[in-house]
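Down below is the structure, laid out as structure tokens.
Proteins come first, then strands; the chains are lettered A, B, ... in the order of their sequence lines, and each starts at number 1.
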Amino acid sequence: MLRRNATHAINKGFLMNEKAKFKDHVETRESVSGLTQNRQHRQHWRGIEDLESKTTCDERVTEFDQSPFDWIRDSTEMARREFLTIMGAGVAMATFGCARRPVHKIIPYVIKPEEVTPGIANWYATTCGGCSAACGALVKTREGRPIKVEGNPKHPLNRGALCARGQASIFDLYDPDRLKAPLAGSRTGKRRQTSWAEADQAIQTRFKELAAKKARVRVLSGRSGPASRRLVSEFLSTFSDGEQIEYEPLFDDEIVEARRLCFGHPSIPRYRFDRADLVISLGADFLGTWLSPVEFARDWVGGRKLPNAPNALNGPNALPVKTTMTKLISFEPTLTITGSNADERFAIRPGDELKVALALAHEVVKSAGIRSSSSFAKNKAIVNLLPGYTPASVAKEIGIANGDLAIKRFASSLVRSSGRSLIIGGGPQSQTSNSLALQIAINLLNSLLGNEGVTIESDAGTGFADRKVGFSAVSKLIAEMDAGSVDALIVHGANPVYTIPRLFEDALKKVPFVIVMSEYENETSRHADYVLATPHPLESWGDAEPRPGIRSIQQPVIAPMHSTRAFEDSILLWTEVRRPKGSSWYDYLRSFWKNDVFRSDREWLWEETLRTGVFQSTPARAKRVEFRNSALDRLGPYARTENSGLVFSAYAKVSILDGRGANNVLLQELPEPTTAITWDNSLNIAPSLAKKLGVAENDVLELSIPHHVVELPVHIQPGLHPSVVSAALGYGRRSVGKAGDSTGVDLYPFMTVKGSARFYSGQTVRLRKTGKIYRLASTQWHTVAEKRPIINDITLAQYRKNPAASIHTEPELRPARPGQKLPTLWPEHVYQGQRWGMTIDLNSCIGCGSCVIACQVENNVPAVGRELVRNSREMHWLRIDRYFSGVPERPDVLFQPMLCQHCDLAPCEPVCPVLASVHNDEGLNLQVYNRCVGTRYCENNCPYKVRRFNFFDYWKSYKTTMNLAWNPDVTVRSRGVMEKCTFCQHRIKGAQDQAKDNGKVKNGKGYVEDGAMKTACEQTCPTDAIVFGDLNDPNSRVSKLSRDPRAFRVLELQNTQPSITYLTKVRNKDDAHG
Amino acid sequence: MHGAHPENGVSLKFHAKLLIALVITGTAGFAAFGDRKFVVPSASNQGYAPEQPIPFSHRLMAGNDRIPCLYCHTGADKSRHAGIPPMNVCMNCHQVVKADSPYIQKLKQLYNEKKTIEWVRVHELPDFVYFSHKRHVLKGVSCETCHGDVARMDRVEQVAPLTMGWCLDCHRGKTAPPEVLSRVYPNQQNPRGPVASTQCDTCHQ
Amino acid sequence: MAEILITGGKSAADLDADVARPVERFPTRIWWVCFLAALAAFGLGALLATDMFQRGLGVLGLNITNGWGVFIVNFVFWVGIGHAGTLISAILYLFRQRWRTGINRTAEAMTIFAVMTALLFPVIHTGRPWYAIFWLIPYPNERSLWVNFRSPLIWDVFAVGTYFTISLVFWFTGLIPDLASLRDRAKHPVRKAVYTVLSLGWRGSSRNWLHYETAYLILAGLSTPLVLSVHSVVSFDFAVSSVPGWHTTIFPPYFVAGAIFSGFAMVVTLLVITREVFGLKDYITLDHLEKMNKILLATGMMVGYAYACEFFIAWYSGNPIERFALTNRAFGPYAWAYWIMVACNVAVPQIFWFKRARRNLALMFLVSLLVNIGMWFERFVIVVTSLHRDFLPSSWRYYVPTFYDWGITLGSFGWFFIWFLLFVRFLPVIAMSEVKAVIAEENGEGHVAVA
């Protein structure tokens, strides 16, 4: 019996790849039919390599190739033996009847496209649809099936890196909850599926009528590409009054407005973190969620990198070449990863950023005076305004102990690094009624310091002048709708009913004709006459202009899987403008690029751009921008009063952002870097406040403002101002899908509208105990390192004295310097060829979590759901540990990516009874899934607790289309199997395979050049904190880094001799050259 | 003390012996026949030769007509998968060759309907085994080594057991074909020794 | 006569009658009640286990930090229980401790059943036993792969396996003469036939006795080292690992002492019941039980010493993580378990300093139960509290057993008692032949080969 189960388990469990492929092909076939309607030439996406189809049990019995009884008949064995054999045979029949491997079919192509070879991946360049930052992406496809999104190295924005949202976007493509066909009659409540023909029929007739009379038609979309905008404007031009409004819930209108007021140029400027020596962030989470985080992180970390190789060789006490670092100072209401990575961070109330800004301005003017050349010379406004904001008074108001000294310090360093500093602000957490004033003050500061045009660049173009962007535009629209003067509304790429609660919903009811085009059903689509299913960005054409001078193409990498149609295709169809028959959105896009982007007829330009994914031109930079003093009038008046009581601060998580990622299981299960909470949003309060209220973690509190009340579970979070409570936006979705619905609580209703401005934070709130308890699913329960030799962080001053400085000096905690070996019982491993290792620079790691998701997608690591995370069974191979040190009010935060250390003396190896955990000749610590019997002894014996056990058959939760997301190069694990990080061993194999083809061979194996192969986490890291390579090659980046004086290993006292070396975090705390 | 009746004493002796005998023969029997798949079942499908939708004959194609394997199985030297020829490859010749045969008719019909033939898979490894045709072909392992003399088969049969032990024996050089051995050890008289990696991650990933 | 081992001036005939009575009579109601209860308990466990095999180990309380839980606790607990038997039958035999004759049969039986119960857990705790069994004994070796002989778990397979086989043979050998006398008394043909086969043609001839004695002596010699080896090897599962609180050299002796402690406690528990139920007061006398209690007292203090010693070593090692692990045991989230353990294993047995207490049936029964509980918690403390907070604070978690853990644990007790009850039903609970020897001596009759 045992054996039968065994064979079954093998078939069931490990045939999963096959199943995945199988489903894949079925789906792809469907998609083909959908696609052949669109474009014949893409037919080769019928990516069918082989197809398995299970046969019934009896069929298999008939195929039983050897009947034991034949054997017995011929047998002339002696009686007792015969008896035994029959016994054996009986057992065999009982156990083996059904155990034969199921019959599989192989289905070849009809016509195989040249570029597709089964088993070899194709890559396509496109634009990431994860958020509105529009980073460049490369998509890996296997047999026509996209399986991974990676950053496009050629793209100037993200330069190969990608954030967690981008990495996870592949799961949105395969989300089974997506809209699969157009719907009609949503708002009447009689929702029914409809055909495109029917829908078009109705819609076009409607538009004909509207075009005839003086109709008001509005298109509300998210931030969309130039070509799309042009198309829509053409469409709207067919009506007497058509307007296009763009709205992103987290977009900072104030920045645009403030720049209009200060410089007469409404735009989002380009922030040059790469040119700044000193960055002061007033609430802006530029490393996590603000504007273009990947780009910013990449730029910013450039100035943080500490040199290694040259001095590393001269032993620990040699002085480093470079001892300066970009300094980051942060004032913020809630703890974001930006604040966590700040060298000096202050928890403040939302709204107080302005006071800080003005106090800084005050000090700057006082200490440096105003350069007579500048436009501020003898400026009354400033002279009148600033004296009110002495650091002392401000520090007192915002409640920071000796904050005045700090502000003075910062001001003087600002002056010292004039033109090389950068002050920024924005984001929901600091979006209060003061926001506009704040942005003006920031502009003032940057101008005073001569940063404008250096660390802040604005182009000469018209910016947003000719576009209706942001909430002001939307509020106008709402007014129109309320007045009942809007005849038709098309919503695309936006979900206003969710992000502008009440207001928009009420107004929407007054619009006679509403079309929503969306990938998902959402809160808004419930109020639409027609809900038209749009394809995922990976299924459709498009373009983007993340900033002037950068144009990138979004090209489809798979035929639409469902009966969807691109927004633009629909618009084209409905547009009455003369255009060659049957010309598609694709043709329109090409001609648009030809005429507006390339401005030439050279065809190869298009092909080239398709290949590289991006087209660059140098935008005309504005000449030195002059600060308009008139703007200063807008600085006041506003409440100087000490705001009493508790203040609310809403913020966006790196994973869920504004709520668009809500139905993505990977993002839902990505622990928030600062709270380690998954699947829900929490009410974060300072420990001191918790004590005062007498509440504990997971207690449910009632949070109320005059017009709204919610109940949220408490999370006690160090680094919060004692009178601030913060919670994340984007949760509490009501209709998005199985994963997204009923996660957390919706806090958009807390949004307060003042005139044409909205703000998320700064409301005075009231708290009340409910006595309920809600267990938040946290992935880290204990956040203090207990003085164990796990992490190491020093100040820049210490680093200057001794780059090898360590907080663990006790010999029993750091028995050995990196590289030095302690005696061991086991025989030493010898590595003739390459030996793989990794270094992780804690000084660069910002804890953004993109590596976590990249690893999950690459290695088929499942998401397990809230309940199992509560039971501590999350599967992340790579997790990011966070440790707090210092006082709870002003904690130092440390992020530490923790993954299998691939120890040279791995504790997991000797204890495995069946050799499932073994060492290979390249220093890899292998886990052989099909050998593992699941004793979990290795897990117990692993000091780093990086091994993950499959408590259930998680692959079973991957329904229908989700099975397409599996990476065919990695085994899908079944239950009862231990798994862990493999150093992307399949990528290594791939690289070695290529190397062999190129004749680069070293002792029988392909020799992988340094950097020729990257692990998934390394590849996507926005700050290049992770470096992977060959430790046997003394000149490889990884071995140089591992010889760095900052190098240390985790738990050296265990003498596990990990292959992963960490580099000490250095905090730029001292002020000397900040 | 306890009186024991001699006659049942005799029968008792016999009982005792029988018991012991059974135990011994049992062990011996298992040792002798334990590895037969009907005693302890094996996962191998050795000898499996299912019927195919079209009785395609490798004997004709590869045997008589001497069409090289790689002409149809184009992936074998490029990719992990040797690949099954797409329909258009068949039609390249069969547009004209034997176009009247009923099977070719069937083929043609499917082809025109843009449908494909569902061949029954013969050689199959579990999904947790990542075998690369490319590496083996490029190393000079002939197709016959694992697939048997296909050129003589009318219906393809799995000749080799394709079990892990079987793979390892070759990698360790025990059963490696001479041409491969001499390729790995060019300057040896009668070469011996491992011909390929036996690390777990060579095939499991 | 140094001491009176059998009271009531029994003759050999009385003995046969007394001992064979429960075997030959139709089982009493109380037997049926116990048996059905055991059956029910086992049924529940089996049911839950089957469900677990189908759905996965997720139904248990385990998590990524606590890889082992109640199942391993039970394994160690039962192996421990299994110790007393061999100790009594082998070592006491070699030391010619004749008082053992009253109790050794029950003790040995208990050993075997306990080991059978223990063996359940390593198998089912993998969640896919068909793999565990199949790949730990890799034959036929189709993959030309062997097991990892460095792994303590493999050592376990051999250690416990050997222990089981030897104990079984030893026990069966001891049974042969008694089986023969049952055979001779048997009326019912089937019963007679069965006992006939089992008694392997024993006729009590002096030749039989000669071989018997030699065989028994050899087996006793063989099994003596096992008494020490088994639990030492089991302790290696922990001592060989690197987990703080496990990685310590004191474990082997500590475990053996603990095992004997718990084993004797279990023997006392069972004997008190058996002698009451089957009216064997004259053969399992208070003197026997008092001797057992003395051993309990002694081993209890050994265990207590081990607890103290662990703390000293942790402090002396200077390893902060080791130190933390021990402090965490006594004062961490699982302090309650730790103090239950200390109370039951160290404090409670101290009462046996008083002769009155040693000879008080009710009291010794209670104490032996408490000791069993305490010893279960000892294993719980070792396994769980060491794991739940190990090296990286980021992975500190808390382990809570689920209904499945408890249900299957209960099932294991059911399994144990099923066998034990069948034993008392069908086999003589007292080594008649050996006791006869004693009786003979005490009644001053002619010499009989001394068991």
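- The neighbour count for B/Arg155 CZ, taken as heavy atoms of other residues, nucleotides or ligands under 6.0 Å away, is above 12.
- Closest approach of B/Gln199 to A/Asp921, counting heavy atoms only: OE1-N, 3.0 Å.
- When B/Val89, B/Val120, B/Thr202, B/Thr74 are compared by the number of non-hydrogen pairs under 4.5 Å with chain A, B/Val120 comes out ahead.
- Scanning all heavy atoms of the two residues, the minimum distance from A/Pro118 to B/Ser79 falls at O-OG, 2.6 Å.
- Residue A/Ile107 holds its CD1 atom at 12.0 Å from NZ of B/Lys115, rounded to the nearest 0.5 Å.
- The CD atom of B/Glu124 lies 8.0 Å from the CD1 atom of A/Ile106; values are rounded to the nearest 0.5 Å.
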Applying side chain to side chain contact (heavy atoms under 4.5 Å, CB included), run through A/Val977 and B/Phe128 and close with a yes or a no. CA-CA 13 Å; A/Val977 173; B/Phe128 49 78; over 6 Å; no
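- Within a 6.0 Å sphere centred on CD of A/Gln994, other residues, nucleotides and ligands contribute 12 heavy atoms or fewer.
- Residue A/Asp993 holds its CG atom at 3.5 Å from NZ of B/Lys134, rounded to the nearest 0.5 Å.
- Residues that satisfy the side chain to side chain contact (heavy atoms under 4.5 Å, CB included) test with B/Cys90, not counting sequence neighbours, are B/Leu107.
- Under a 4.0 Å N-O distance rule, the pair B/Arg135/A/Asp997 qualifies as a salt bridge.
- Looking at every heavy atom in both residues, A/Val918 comes nearest to B/Cys200 through CG2-SG, 3.5 Å.
- Put simply, OH on B/Tyr130 and CD on A/Gln985 are 10.0 Å apart, with the number rounded to the nearest 0.5 Å.
- Neither the backbone nor the side chain of B/Leu110 has a heavy atom closer than 4.5 Å to any heavy atom of chain A.
- For A/Leu924, the part lying near chain B is the side chain, with the backbone staying farther off; criterion is any non-hydrogen pair under 4.5 Å.
- Looking at B/Pro85, only its backbone comes within 4.5 Å of chain A, counting heavy atoms on both sides.
- Between B/Asp201 and the options A/Arg931, A/Lys989, A/Arg987, a salt bridge (Lys or Arg N to Asp or Glu O under 4.0 Å) holds for only A/Lys989.
- B/Lys139 NZ: more than 12 foreign heavy atoms inside a 6.0 Å radius.
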Might you work through the side chain to side chain contact (heavy atoms under 4.5 Å, CB included) test for A/Asp969 and B/Gln205, ending with a clear yes or no? CA-CA 7 Å; A/Asp969 290 337; B/Gln205 64 187 41; 3.9 Å; yes
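- Heavy-atom minimum distance, B/His204 versus A/Val928: CD2-CG1, 3.9 Å.
- Annotation: the span from A/Lys112 atom NZ to B/Ile84 atom CD1 amounts to 13.0 Å, rounded to 0.5 Å.
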Let me see the working for A/Val972 and B/Asp127 under side chain to side chain contact (heavy atoms under 4.5 Å, CB included), right down to the final yes or no. CA-CA 9 Å; A/Val972 176; B/Asp127 270 24; over 6 Å; no
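- A pairwise comparison of heavy atoms in B/Thr116 and A/Tyr109 identifies CG2-C, 3.9 Å as the closest pair.
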